[in-house]
Amino acid sequence: MNSKQQAGMAAANLVQNGMGVGLGTGSTVFFALERLAERQKTENLKFFGVSTSFSTTLLCRKMGIELKDCGAVSHLDLAIDGADEIDPNLNLIKGRGAAHLLEKIVASLAGKFIVVADSSKKVKNLGEKFPVPLEILPSALGLAEAKIKGLGGVLEVRMAGASKDGPVISDSGNIIADAKFGLIKEPEILCKELDCIPGLAGHGLFVNLAKEAFIAGEAGVEHISL
């Protein structure tokens with residue numbers, strides 16, 4: 001068993017009977033889903049999940065994990081999800097999979113948000129490896145570009161590439177873009193500034209949301225709890 005499997009399983013082992021659980025996306029989260037499906041069979045574990053992406057929804061259907069619609073839920077006990085970058089305070093950049101708006105809604109519903117990832121995602125400062133993903137209403141694209149420029153960033157609409165002509169479109173029908181800010185030394189401030197842009201439906205800065213992390217590395221699983 002590799003450390004990514006161990007990290008995913010460790011998070012899944014925190015789920016108890018009767019819980020509502022946010023279920024994210026990614027290779028390490030996949031192992032958490034596998035473990036939850038196994039526990040349903042071997043321990044008769046009873047819980048429901050709320051999926052953050054269509055890909056996770058399909059996996060849950062295949063594995064027999066009960067799902068509820070996010071809009072019908074007002075509280076979750078746990079949420080388990082991955083990250084693209086993780087700083088020492090468990091602030092995150094998420095959204096390379098273009099699901100960051102729903103991921104943030106689900107994380108905000110949860111009493112405890114748990115991150116599972118591999119050690120390559122750890123950074124000293126957010127922005128070291130990736131820009132900040134954005135989800136923008138089409139009618140607000142010009143405004144968002146100007147506002148991002150005013151904050152010292154550069155906005156680029158994310159193009160779908162060979163699989164589709166034109167930009168990447170979210171499950172909610174909005175445009176996905178990426179904002180390059182360089183190293184983000186004060187993520188709390190930038191988060192608040194992005195929250196104030198009209199028409200910016202969501203951004204991939206997850207600040208003061210994650211409370212616990214299981215990080216897979218060569219030496220095993222690092223457990224971080226705030």
Side-chain angles (χ1 to χ4, degrees), residues 22-26 29 49-61 67-74 76 79 81-85 91-110 113 121 126-184 186-210:
L23 301 173
T25 309
V29 175
V50 170
S51 171
T52 62
S53 69
F54 191 60
S55 60
T56 295
T57 298
L58 292 176
L59 282 172
C60 288
R61 289 175 182 171
L67 293 177
K68 290 188 178 182
D69 184 77
C70 184
V73 175
S74 60
L76 295 168
D81 207 348
D84 299 307
E85 289 188 353
N91 295 315
L92 316 173
I93 284 181
K94 290 176 55 57
R96 297 306 298 164
H100 46 284
L101 176 55
L102 185 52
E103 289 169 345
K104 187 174 286 186
I105 292 170
V106 170
S108 299
L109 284 169
F113 175 35
K121 307 300 175 62
L126 297 182
E128 284 184 16
K129 300 178 180 180
F130 294 108
V132 178
L134 309 175
E135 180 166 339
I136 306 169
L137 273 65
S139 57
L141 184 58
L143 172 64
E145 185 173 14
K147 292 289 188 180
I148 294 298
K149 184 177 180 181
L151 295 174
V154 177
L155 184 147
E156 293 183 5
V157 173
R158 191 185 301 178
M159 305 306 289
S163 61
K164 173 188 173 296
D165 288 336
V168 175
I169 302 298
S170 75
D171 290 347
S172 300
N174 298 315
I175 292 172
I176 298 297
D178 296 293
K180 298 179 180 179
F181 293 100
L183 294 181
I184 301 171
E186 297 179 299
E188 295 90 349
I189 293 175
L190 181 58
C191 183
K192 291 178 181 179
E193 290 171 330
L194 293 176
D195 285 340
C196 292
I197 298 176
L200 179 55
H203 60 81
L205 281 181
F206 283 52
V207 176
N208 298 324
L209 283 173

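The chain is numbered in sequence order, starting from 1.
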Could you check Val157, Leu155, Ile197, Ile148 and say which one makes a side-chain contact (heavy atoms from CB on, under 4.5 Å) with Ile136? Leu155
Nearest 0.5 Å please: distance from the NZ atom of Lys121 over to the CZ atom of Phe130. 7.0 Å
Starting at CD1 of Ile184, measure out to CD1 of Ile189 and round the result to the nearest 0.5 Å. 12.0 Å
Not counting sequence neighbours, which residues clear side chain to side chain contact (heavy atoms under 4.5 Å, CB included) with Ala83? List them please. Ile86, Leu92, Lys94, Val115
Closest heavy-atom pair and its distance - Gly22, Val106: CA-CG1, 3.5 Å
Tell me whether Glu186 at atom CD has more than 12 heavy atoms from other residues, nucleotides or ligands lying less than 6.0 Å away. no
Shortest non-hydrogen separation from Ala107 to Ala79 and the atoms involved: CA-CB, 4.3 Å
Any non-hydrogen side-chain atom of Thr56 less than 4.5 Å from a side-chain atom of Val29? no
Only one of Leu183, Val132, Ile93 passes side-chain contact (heavy atoms from CB on, under 4.5 Å) with Leu126, and that residue is Ile93
Residues that Ser51 engages under side chain to side chain donor-acceptor pair (under 3.5 Å), provided they are two or more places apart: Thr57
Lys149 meets the side chain to side chain contact (heavy atoms under 4.5 Å, CB included) criterion, sequence neighbours left out, with none
Under a 4.5 Å cut-off applied to non-hydrogen side-chain atoms, are Phe181 and Leu194 in contact? yes
Residues Pro187 and Val207: closest non-hydrogen pair is O-CG2, 3.8 Å
Leu205 backbone acceptor or donor facing Asn91 side chain under 3.5 Å: no
Check side chain to side chain contact (heavy atoms under 4.5 Å, CB included) between Val73 and all other residues, then give those that pass, not counting sequence neighbours. Phe48, Val50, Lys68, Leu76
Using distance only, find each side-chain donor-acceptor pair of residues 139-147 under 3.5 Å and give its atom names and separation, not counting sequence neighbours.
none

Tell me which donor-acceptor pairs under 3.5 Å the side chains of residues 169-178 have, and how far apart each pair is, sequence neighbours excluded?
unit_1 : atom_1 : unit_2 : atom_2 : d
Ser170 : OG     : Glu135 : OE2    : 2.7
Ser170 : OG     : Ser172 : N      : 3.1
Ser170 : OG     : Gly173 : N      : 3.4
Ser170 : OG     : Asn174 : N      : 3.1
Asn174 : ND2    : Glu135 : OE2    : 2.9
Asp178 : OD1    : Arg96  : NH1    : 3.4
Asp178 : OD1    : Arg158 : NH2    : 2.8
Asp178 : OD2    : Arg158 : NE     : 3.0

Min side-chain heavy-atom separation Cys70-Leu109 under 4.5 Å: yes
For Gly24 against Thr52, the heavy-atom pair lying closest together: CA-OG1, 3.2 Å
According to salt bridge (Lys or Arg N to Asp or Glu O under 4.0 Å), who are the partners of Glu188, at least two apart in sequence or on a separate chain? none
Minimum heavy-atom distance between Ser53 and Thr25, given as atom pair plus value: OG-OG1, 2.7 Å
Restricting to side chain to side chain donor-acceptor pair (under 3.5 Å), what partner residues turn up for His203, sequence neighbours left out? Lys104, Asp195
In Å and rounded to the nearest 0.5 Å, what is the CG to CG distance from Leu67 to Leu59? 10.5 Å
